[in-house]
Student: 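There's a structure below that I have some questions on.
Start at 1 and go down the list; that is how both ligands and their atoms are numbered.
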Amino acid sequence: MSEKLSFVNPTANSPWGTYLSQVDRVVPYLGPLARWVETLKRPKRALIVDVPIEMDDGTIAHFEGYRVQHNMSRGPGKGGIRFHPDVTLEEVMALSAWMTIKTAAVNLPYGGAKGGIRVDPKKLSQQELEKITRRYTSEIGIIIGPHTDIPAPDVNTNAQIMAWMMDTYSMNVGGTATGVVTGKPLHLGGSLGRVKATGRGVFVTGREAARRLGLDLRGARIAVQGFGNVGSVAAELFAEAGAKIVAVQDHTGTIVNPNGLDLSKLVPISRTDGVVGFKAGGDIVPNEDFWSVACDILIPAALEGQITAERAKTTTARLVLEGANGPTVPTADDILAERGVLVVPDVICNAGGVTVSYFEWVQDFSSFFWDEDEINVRLDRIMMNALNQIWDTADKHKITLRTATYAVACERILMARQERGLYP
Ligand code: GLU
């Protein structure tokens with residue numbers, strides 16, 4: 001946060017600053033609704049909580065937790081919970097705002113929210129992880145709920161953590177509230193297809209963008225940054241379609257192989273040893289070299305702010321698929337556009353996760369569960385409809401896909417805002 005603690009004064013080069021400039025770019029396309037645009041430039045509500053737990057060695061440790069509800073004009077807040085040592089309130093504000101745009105872009109009946117704890121979960125035992133999750137859930141329990149704000153997994157959180165969150169909330173309200181979180185285990189009201197949904201959505205939008213560019217996926221060279229739930233699943237689906245995964249980077253380093261990495265070996269090894277564990281299958285290179293590897297498609301699927309102006313100048317990709325939230329800074333966005341590199345923005349590219357979260361929530365309320373084919377067919381249809389509409393808007397105004405996505409999404413949000421009117 002800047003020295004003047006205020007929602008509208010972002011720290012230089014921060015994700016929140018990136019988000020604000022993305023909103024500014026869309027104002028000319030909003031017509032009379034531009035009157036309401038300030039609504040989007042501040043979160044509706046932000047909660048900071050202290051999360052104290054007793055560690056295994058008997059000491060008491062305090063962690064800082066957040067839940068930000070950016071906008072609820074179109075429905076309850078929706079968005080994941082991130083456990084990461086670098087999480088800040090300002091970052092969570094940006095992530096919550098991107099959820100508002102994302103849910104509107106794919107037309108799900110949700111607003112946007114996000115949460116996080118400033119902690120390195122790799123340093124916690126399983127017992128400490130459960131304690132921190134439960135205490136955090138209890139602290140944010142005053143603002144979350146199946147009809148108000150529904151958390152989900154994000155960076156370093158998973159189905160087990162969602163199960164603890166669901167249980168803690170349920171204990172506190174005296175019932176079993178499966179609809180309070182999504183991304184739960186299957187036998188606790190989870191949905192088939194949820195784990196792979198974000199990566200699948202990256203593939204679906206990427207396949208369509210490649211088709212429109214005339215880029216054949218067979219033999220296409222792909223570089224993937226981040227090899228977790230999003231990057232590895234997208235890589236597998238592209239490889240199945242005939243593409244070659246020529247470079248992968250994760251927190252352990254960067255591995256390249258111009259002939260294509262063997263994912264059947266890389267994926268399992270990466271889960272325990274990181275991608276550098278697969279030395280036998282490629283060359284380990286310095287991390288910065290990842291950005292200039294010869295490739296056709298670049299998939300940033302890690303954290304924010306990764307595609308900087310410098311890296312935008314050196315990439316050889318024709319297509320960027322934003323699996324991560326906020327991976328491209330605004331100056332890099334301009335350079336990519338000038339260089340004719342097509343960017344499928346995060347707020348549509350990675351919306352597959354929240355789309356299947358929506359299916360999970362609907363299934364929880366109806367207590368009727370769909371098979372995986374039905375999930376994937378519906379996911380495909382929602383993502384394709386959204387992408388086609390955004391593409392038409394981009395063509396009509398001669399703007400980037402990002403600005404077009406914001407135009408479609410912001411119109412929906414601000415229309416709802418206007419129709420609801422100001423209270424009191
Ligand atoms: N954390 C994911 C995202 O950034 C999913 C959120 C959700 O399913 O609510 O979109």
Side-chain angles (χ1 to χ4, degrees), residues 15 19 66-72 74-84 87 91-117 140 144-159 161-162 165-166 178-185 189-202 204-205 226 228-231 233-234 300-304 321-327 344-364 375 379 382-383 386 405 409:
Y19 165 74
Y66 315 94
R67 183 72 185 172
V68 178
Q69 296 168 342
H70 174 259
N71 188 282
M72 296 178 160
R74 302 178 60 260
K78 187 84 192 82
I81 305 281
R82 175 173 295 202
F83 288 180
H84 196 280
V87 165
E91 181 194 29
V92 177
M93 278 163 51
L95 292 164
S96 70
W98 283 322
M99 289 308 302
T100 302
I101 304 293
K102 196 185 300 187
T103 54
V106 281
N107 214 0
L108 305 178
Y110 289 134
K114 201 88 173 195
I117 307 181
I140 65 164
I144 63 167
H147 297 289
T148 47
D149 180 2
I150 306 113
D154 196 72
V155 173
N156 292 332
T157 54
N158 56 24
I161 290 172
M162 295 307 115
M165 290 191 72
M166 188 279 263
T178 53
V180 68
V181 291
T182 58
K184 298 178 296 294
S191 177
L192 291 166
R194 176 62 186 87
V195 173
K196 295 197 167 182
T198 312
R200 181 173 289 278
V202 172
V204 169
T205 53
N229 185 36
V230 183
V233 172
L303 295 173
E304 304 91 61
L321 305 176
E322 294 188 337
N325 290 308
V344 182
D346 49 3
V347 282
I348 171 79
C349 191
N350 71 34
V354 71
T355 301
V356 178
S357 274
Y358 166 59
F359 298 161
E360 178 174 333
W361 186 72
V362 168
Q363 292 171 87
D364 286 341
I375 304 274
L379 172 64
I382 286 182
M383 305 260 338
T405 310

Student: Heavy-atom count around K196 NZ within 6.0 Å, excluding the residue itself: above 12?
Tutor: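 Open: at most 12 neighbouring heavy atoms sit under 6.0 Å from NZ of K196.
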
Student: Answer yes or no: are there more than 12 heavy-atom neighbours, outside Y358 itself, under 6.0 Å from its atom OH?
Tutor: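 Open.
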
Student: Is the side chain of W361 donor-acceptor paired with the backbone N or O of T178 at a distance under 3.5 Å, no angle test?
Tutor: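 Judged by distance alone, no pair lies under 3.5 Å.
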
Student: Of the protein's non-hydrogen atoms, which lies at the shortest distance from atom 7 (C) of ligand 1, and what is that distance?
Tutor: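 Among all protein heavy atoms, the one nearest atom 7 (C) of ligand 1 is A152 CB, 3.3 Å.
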
Student: Just by distance, do the side chain of N229 and the backbone of V195 share a donor-acceptor pair under 3.5 Å?
Tutor: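 Here the side-chain-to-backbone pair exists.
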
Student: Which ligand 1 atoms are under 4.0 Å away from a heavy-atom of D154?
Tutor: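 So the answer, numbered in order with elements, is 1 (N), 2 (C), 4 (O).
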
Student: How does L95 reach ligand 1, if at all, at less than 4.0 Å between non-hydrogen atoms: by side chain, backbone, both, or neither?
Tutor: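 For L95, there is no contact with ligand 1 at all, from either part.
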
Student: List every atom of ligand 1 that sits less than 4.0 Å from any heavy atom of M99, numbering the atoms from 1 in the order shown and giving each element.
Tutor: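 Under 4.0 Å from M99, ligand 1 has these atoms: 3 (C), 4 (O), 6 (C), 10 (O).
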
Student: Quick one: which of R194, K114, K102, E360 has a heavy atom closest to atom 5 (C) of ligand 1?
Tutor: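 Answer by nearest heavy atom: R194.
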
Student: Is K78 reaching over with its side chain to a backbone N or O of G111, donor-acceptor style, under 3.5 angstrom?
Tutor: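 Pair absent, no side-chain N/O of K78 close to backbone of G111.
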
Student: Under a 4.0 angstrom heavy-atom cut-off, which atoms of ligand 1 come close to V354?
Tutor: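 Every atom of ligand 1 under 4.0 Å from some heavy atom of V354: 7 (C), 8 (O), 9 (O).
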
Student: If you measure every N/O of P153 against every N/O of ligand 1, is any gap under 3.5 Å?
Tutor: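 N/O-N/O distance under 3.5 Å: yes.
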
